Amino acid sequence: MSTLVTVLRLPRGPDPNGRGFDPNSPRFVALCPTTISASTETGTDSVEIGEEQRARSALRESFLRTLIAMTNKQVQFHMYERVKVEAKFGASDIDVLNFQVSELQTPIGVQKEALLRCQDVISYSFDL
Amino acid sequence: MAMRQTPLTCSGHTRPVVDLAFSGITPYGYFLISACKDGKPMLRQGDTGDWIGTFLGHKGAVWGATLNNEATKAATAAADFTAKVWDAVTGDEVLTLAHKHIVKSVNFTQDSSCLLTGGNDKIIRIYDLNKPEAEPQEITGHTSAIKKALWCKNDTQILSAADDKTVRLWDRNSTEVVKQLSFDMSVSSMEYIPDGEVLVITYGKTIAFYNALSLDMIKTVDAPASIHSASLHPDKEFFVAGGDDFKLYKFDYGTKEELESYKGHFGPVHCVRFSPDGELYASGSEDGTLRLWQTAVGKTYGLWKCVLPEELVSENSDTIYCTPAAPEIKA
């Protein structure tokens with residue numbers, strides 16, 4: 001009579017909310033440079049790296065604030081293949097891979113709800 | 001008392017898993033990457049199957065995936081006509097290499113400096129990852145879509161298998177064919193074992209072993225069903241194979257005897273590979289799952305725990321699960 005091998009638990013599955021690669025995992029902390037690749041030239045001192053970090057933080061913060069400011073506004077998107085569409089911006093996902101929009105005006109009609117793939121977007125503009 | 005194999009199922013993919021690869025052994029353990037027709041290759045911890053992250057960016061089915069030895073880089077080949085290189089620690093896309101047709105296979109050199117690609121345009125390409133904008137070196141000759149292209153002989157030679165029913169050995173510098181094997185049918189998979197220079201090729205119901213340097217045949221073994229993929233254990237004592245009948249087969253490499261067969265998958269098995277330490281093997285299937293199987297059934301390793309009969313009835317065993325599989329073991 002044979003018995004089943006016991007397991008401690010089942011393998012953990014994907015997180016439905018993100019793409020993973022936990023920045024707090026020991027491997028990430030050990031292998032990821034704390035400085036950005038642009039500033040790893042030899043001779044860069046910690047003051048310059050600090051300044052670059054500050055600039056990057058400021059840019060990131062203003063980008064995130066634009067996303068908030070855009071909510072429920074009419075936004076024009078310029079995309080590849082000379083596509084220009086306009087829609088009411090809803091939200092972005094956590095990794096800025098998709099934008100959720102409503103009333104997307106396309107050459108073949110108005111799409112009530114749509115997801116725009118961010119990597120297809122070249123630029124977008126809106127009035128404050 | 002005999003122990004029954006309890007495979008660990010890794011879910012998450014929504015379409016068939018068509019390729020998988022292990023990294024080498026790193027200070028953080030070893031890792032596993034899976035290629036899936038849902039376009040979202042995933043990285044997992046190799047010994048537990050725990051999901052680490054998903055590489056997002058491809059716009060089509062991913063046909064091939066690989067990791068470098070240190071598991072710091074990943075590469076994927078997809079139906080969107082691109083091969084991509086990724087940072088396997090952050091999950092970020094590092095490079096996109098445009099091709100003219102579906103890309104099926106990707107492989108890093110030992111030092112991760114070059115990437116080999118092959119696909120439906122029948123051309124093998126070598127990209128210098130230190131100079132990605134430079135034109136890749138091209139190797140032509142195959143007359144049908146390339147299924148797999150692998151570095152061998154310390155990255156001085158290349159082995160390729162294509163739908164033209166040939167396996168070819170190329171010299172990397174001259175880009176000329178050194179030797180060629182012809183078969184009656186298309187080769188379904190190929191695995192290269194640097195230690196011992198063994199090439200494992202599957203076609204039809206056959207698993208064939210060749211010397212990777214001379215392409216002399218060592219032996220062939222026939223399975224009960226059409227085989228899609230096989231893998232040789234690092235110690236070269238056994239090999240595993242899977243294919244059309246959804247089962248995983250384990251054979252003795254020396255005697256060619258079929259030792260065990262396991263049911264578990266709900267669809268054909270497309271790929272199977274031993275882990276770098278040989279303690280487990282992973283299989284990917286049409287059913288969208290990866291399963292991890294123990295080489296030594298009942299041994300404590302990863303998430304498997306060796307439990308003695310007395311422990312099973314003790315009061316402290318509430319953290320131990322018994323997941324039912326549907327195994328079929330030959331006596």
Side-chain angles (χ1 to χ4, degrees), chain A residues 1-42 53 56 59-60 63 79-81 83 91-100 114-122, chain B residues 1-13 26-29 31 40 42-45 48-57 59 70-72 87-93 290 292 294 297-300 302-307 309 311-312 317 319-325 327 329:
Chain A
M1 177 69 190
S2 60
T3 53
L4 288 169
V5 178
T6 50
V7 296
L8 297 169
R9 58 169 175 82
L10 298 175
R12 290 186 199 113
D15 170 11
N17 297 322
R19 66 184 178 109
F21 299 102
D22 181 10
N24 298 317
S25 73
R27 192 170 90 114
F28 194 112
V29 168
L31 296 178
C32 280
T34 47
T35 62
I36 315 297
S37 55
S39 52
T40 47
E41 332 286 313
T42 48
Q53 281 282 54
R56 285 179 185 270
L59 286 169
R60 175 73 177 169
F63 169 69
M79 305 174 79
Y80 286 95
E81 306 287 343
V83 169
S92 166
D93 64 3
I94 189 81
D95 293 308
V96 196
L97 287 168
N98 296 290
F99 283 163
Q100 178 253 316
L115 279 181
L116 292 180
R117 202 162 44 188
C118 290
Q119 65 195 113
D120 295 344
V121 176
I122 299 172
Chain B
M1 173 164 55
M3 298 298 290
R4 282 200 302 176
Q5 170 88 264
T6 308
L8 294 168
T9 303
C10 307
S11 56
H13 283 305
T26 81
Y28 305 93
F31 299 84
K40 302 188 180 125
M42 291 185 178
L43 184 72
R44 294 176 187 274
Q45 193 68 42
T48 58
D50 287 338
W51 175 80
I52 294 174
T54 304
F55 298 101
L56 296 173
K59 296 183 194 178
E70 303 78 30
T72 51
D87 180 319
V89 185
T90 62
D92 293 336
E93 187 184 312
L290 273 112
L292 302 181
Q294 281 192 291
V297 178
K299 186 174 172 182
T300 295
L303 296 175
W304 292 287
K305 180 145 166 54
C306 175
V307 174
E311 288 175 5
L312 273 173
S317 58
T319 52
I320 295 168
Y321 298 82
C322 268
T323 28
I329 302 171

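Convention: sequence-line order gives letters A, B, ...; per-chain numbering from 1. As the structure is a prediction and not an experimental result, all values here were calculated from the model.
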Please check if atom CG in A:L59 has more than 12 non-hydrogen atoms from other residues, nucleotides or ligands closer than 6.0 Å. yes
Residue from A:P11, A:P26, A:G18 scoring the most non-hydrogen pairs under 4.5 Å with chain B is A:P11
Interface moiety of B:I52 toward chain A, non-hydrogen atoms closer than 4.5 Å: both
Give the C-alpha distance, both sets of side-chain angles, the deciding distance and a yes or no for side chain to side chain contact (heavy atoms under 4.5 Å, CB included) between B:W304 and A:L8. CA-CA 6 Å; B:W304 292 287; A:L8 297 169; over 6 Å; no
B:T72 and A:L31: side chain to side chain contact (heavy atoms under 4.5 Å, CB included), yes or no, with the steps? CA-CA 8 Å; B:T72 51; A:L31 296 178; 4.2 Å; yes
Would the B:F55 and A:F21 ring centres measure less than 6.0 Å apart? yes
Find out whether B:T90 and A:C32 are in side-chain contact, i.e. whether some heavy atom of one side chain is under 4.5 Å from a heavy atom of the other. yes
Side chains of A:L97 and B:L56: does their closest heavy-atom pair fall under 4.5 Å? yes
Looking at B:A71, B:G302, B:G53, which has the largest count of heavy-atom pairs under 4.5 Å with chain A? B:G53
At what distance, to the nearest 0.5 angstrom, does OG1 of B:T6 lie from CG of A:L10? 10.5 Å
Interface moiety of B:T9 toward chain A, non-hydrogen atoms closer than 4.5 Å: backbone
Look at A:P16, A:G20, A:P14, A:P23 and state which one has the largest set of heavy-atom pairs under 4.5 Å with chain B. A:P14
Do any N or O atoms from the side chain of B:D50 and from the backbone of A:R12 form a donor-acceptor pair under 3.5 angstrom? yes
Taking side chain as C-beta onward, heavy atoms only, is A:V7 less than 4.5 Å from B:L8? yes
Stepwise side chain to side chain contact (heavy atoms under 4.5 Å, CB included) check, A:V5 with B:R4: CA-CA 6 Å; A:V5 178; B:R4 282 200 302 176; 5.9 Å; no
Would you compute the distance between atom CZ of B:F31 and atom CZ of A:R27 and round it to the nearest 0.5 angstrom? 4.0 Å
Atom CD in B:E93, atom CD in A:Q119: separation rounded to 0.5 Å? 7.0 Å
What's the separation between atom OG1 in A:T6 and atom CG in B:L303, rounded to the nearest 0.5 Å? 11.0 Å
With side chain to side chain contact (heavy atoms under 4.5 Å, CB included) as the criterion, how do B:K59 and A:R117 come out once you've worked through the C-alpha distance, each side chain's angles and the decisive distance to 0.1 Å? CA-CA 10 Å; B:K59 296 183 194 178; A:R117 202 162 44 188; 3.6 Å; yes
For B:Q294, which atoms come within 4.5 Å of any heavy atom of chain A: side chain, backbone, both, or neither? side chain
Under 4.5 Å to a heavy atom of chain A? For B:L43 that would be side chain
